[in-house]
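Protein chains get the first letters and strands the later ones, always in sequence-line order, with residue 1 at the start of each.
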Protein chains: 2
Amino acid sequence: MAEEPAPQRYRMTVAYDGSDFHGWQKQTAPGGELRTVCGVLEATLIRVLRQPIRLWGASRTDAGVHARGQVAAFDASPRIPIERMGRAINSRLPEDVDVLEVAEAEADFDPIQHAVCKQYRYRIFNTARRPLELRRCVWHCWDELDTGAMADAASRLTGTHDFAGFAQAHHGRSSTVRTIFDCHVETALPEVHIVVVGDGFLYNMVRIIAGTLAEVGRGRLGPEAVDAALSSGNRRQAGPTLPPQGLWLEWIRYDRKVTD
Amino acid sequence: MAEEPAPQRYRMTVAYDGSDFHGWQKQTAPGGELRTVCGVLEATLIRVLRQPIRLWGASRTDAGVHARGQVAAFDASPRIPIERMGRAINSRLPEDVDVLEVAEAEADFDPIQHAVCKQYRYRIFNTARRPLELRRCVWHCWDELDTGAMADAASRLTGTHDFAGFAQAHHGRSSTVRTIFDCHVETALPEVHIVVVGDGFLYNMVRIIAGTLAEVGRGRLGPEAVDAALSSGNRRQAGPTLPPQGLWLEWIRYDRKVTD
């Protein structure tokens with residue numbers, strides 16, 4: 001029996017429209033396996049590379065959440081030259097997932113543990129008209145938003161804080177302290193975007209931040225509501241959790257690994 | 001029995017994302033009525049205005065084709081002030097249809113017969129990357145398009161011609177002569193759009209025009225192929241029929257009615 005070459009660890013960057021997926025993470029329901037991004041990618045990798053493969057991603061995006069730069073890893077015996085791999089995978093993927101890059105990674109590369117920071121964008125479609133063709137990619141807000149007040153509120157989120165007030169209950173994390181490196185508002189009318197860069201996010205944290213800033217933009221909360229929710233850790237002082245379709249995972253940064 | 005007020009004819013302008021509709025025209029399949037734009041609007045009008053209503057539209061757009069300015073007409077006894085009607089209808093419509101305007105029309109207004117000209121736009125997404133969130137609103141072309149050659153081809157379509165070469169067989173029209181007032185190419189990278197204004201269009205004519213211009217843009221046909229297809233009336237000299245999802249009905253113009 002010919003010996004298999006040692007498996008190689010790969011790092012893959014992926015974009016997807018999350019509308020028709022039950023989120024990133026593989027899930028089985030009574031009727032069978034649900035359609036998930038990880039499941040679709042894994043099945044395609046197995047077909048293309050003709051070996052058992054397990055894929056794991058940096059962020060477990062929820063159903064309806066989109067990505068422009070999700071990062072995932074898998075191990076496989078090399079069967080296709082690395083420069084042809086992305087195209088080989090893409091040619092067999094459905095049209096709502098797109099592999100942007102496949103690269104050889106160090107043997108211990110871990111997309112979750114080695115992530116330094118991530119950027120999310122929450123897209124609000126802010127006019128009286130319906131978004132129509134963008135309705136699966138944005139959240140529609142009819143009320144005109146005060147983006148100045150929102151920018152003020154956004155700036156209060158930067159820094160290292162206990163974000164318990166911005167986390168859904170039962171988040172299952174021992175610490176709720178996170179660092180937000182940047183939080184700002186971009187206006188590209190009729191869209192208003194909330195951009196957040198952080199070292200990690202609690203469950204639904206970006207959607208709660210977006211919901212809080214939207215309440216500020218509508219004048220229902222003042223920008224200082226952010227300080228109150230941060231200092232009290234009380235979820236009820238922050239705004240509502242906005243729906244998943246406006247949320248985009250944009251990129252995940254990894255530093256060059258330092259040799260042990 | 002109280003006498004009903006005389007029915008009023010209304011003109012309605014409608015936008016929709018055609019992705020999840022079996023086209024504009026009402027259709028019944030063995031399993032029941034299919035989801036059509038006209039059917040959804042008619043059912044909503046009946047609920048809002050509480051009377052039997054029949055709606056008819058200017059253009060029978062195919063399944064997957066979108067509209068920003070479809071025009072339709074219906075007769076109804078006034079039950080709601082005209083200025084509140086659009087909002088009342090929209091509040092009960094699904095999120096992929098949007099009533100832009102409802103206006104009182106003259107008693108004999110006919111959206112089909114009185115249309116003077118219409119504008120269609122065919123959206124081509126022209127990069128190596130997949131369109132992802134726009135994939136239901138554009139046609140994806142990987143090959144880089146020569147928009148100069150396309151513009152040359154487009155200009156040859158303007159004027160009054162026999163468009164038999166640009167019509168699907170069995171179009172069911174006695175005359176295939178139509179007038180194209182304008183046909184040009186707009187570049188909004190990564191999108192390339194084909195814009196056509198005409199007094200009327202044969203079945204699939206805009207999608208065949210787009211398919212011909214795309215072949216020219218790819219260098220598979222020269223711009224003079226347009227002249228050949230026009231003069232021969234031979235469908236095989238034009239390009240393929242592009243898929244419906246790139247096609248947008250933009251507006252329909254009506255002249256002010258001249259008093260008899």
Side-chain angles (χ1 to χ4, degrees), chain A residues 13-21 37 40-41 44 61 64-70 83-84 86-87 89-101 121-123 125 127-142 188 190-191 193 243-250, chain B residues 13-21 37 40-41 44 61 64-70 83-84 86-87 89-101 121-123 125 127-142 188 190-191 193 243-250:
Chain A
T13 311
V14 187
Y16 46 87
D17 174 345
S19 307
D20 296 329
F21 288 104
V37 186
V40 163
L41 281 165
T44 305
T61 56
V65 173
H66 318 286
R68 295 211 187 277
Q70 168 79 284
E83 65 276 10
R84 290 220 308 266
R87 184 171 289 213
I89 299 164
N90 267 338
S91 68
R92 289 169 189 241
L93 278 176
E95 60 179 4
D96 47 357
V97 202
D98 190 15
V99 170
L100 303 175
E101 192 191 18
R121 181 178 297 262
Y122 197 93
R123 290 172 63 177
F125 194 85
T127 68
R129 291 257 72 91
R130 295 166 193 227
L132 279 185
E133 75 265 33
L134 289 175
R135 68 186 189 282
R136 288 147 46 113
C137 316
V138 296
W139 173 66
H140 186 201
C141 176
W142 301 66
E191 292 190 32
H193 296 176
Q245 74 265 17
L247 187 59
W248 290 80
L249 168 60
E250 297 213 299
Chain B
T13 310
V14 188
Y16 47 86
D17 174 345
S19 308
D20 296 329
F21 289 104
V37 186
V40 163
L41 282 166
T44 305
T61 56
V65 173
H66 319 285
R68 294 212 187 278
Q70 167 77 287
E83 63 277 9
R84 291 221 308 267
R87 184 171 291 213
I89 299 164
N90 267 337
S91 69
R92 289 169 189 241
L93 278 176
E95 60 180 4
D96 48 356
V97 202
D98 190 15
V99 170
L100 303 176
E101 192 191 17
R121 181 179 298 262
Y122 198 91
R123 290 172 63 177
F125 194 85
T127 68
R129 292 257 71 91
R130 297 169 191 225
L132 278 186
E133 75 265 33
L134 289 175
R135 69 187 189 281
R136 288 149 43 115
C137 317
V138 296
W139 173 67
H140 186 202
C141 176
W142 302 66
E191 293 189 34
H193 296 175
Q245 73 267 17
L247 186 59
W248 289 81
L249 168 60
E250 296 213 299

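A distance-only check finds no donor-acceptor pair linking the side chain of B:R92 to the backbone of B:I89 [under 3.5 Å]. A side-chain donor-acceptor contact under 3.5 Å links B:H140 to the backbone of B:T127.
Residue contact with chain A, scored on non-hydrogen atoms closer than 4.5 Å, involves the side chain of B:L134 exclusively. Heavy atoms closer than 4.5 Å to chain A are found in both the backbone and the side chain of B:R130. Only the backbone of A:V99 comes within less than 4.5 Å of a heavy atom of chain B; no side-chain atom from C-beta onward does. For A:R136, the part lying near chain B is the side chain, with the backbone staying farther off; criterion is any non-hydrogen pair under 4.5 Å.
Stacking of B:R68 on the aromatic ring of B:W248 is recorded, both the 6.0 Å distance cut-off and the 45° axial limit being met.
Across all their heavy atoms, A:T61 and A:V65 have their closest contact at CB-CG1, 3.9 Å.
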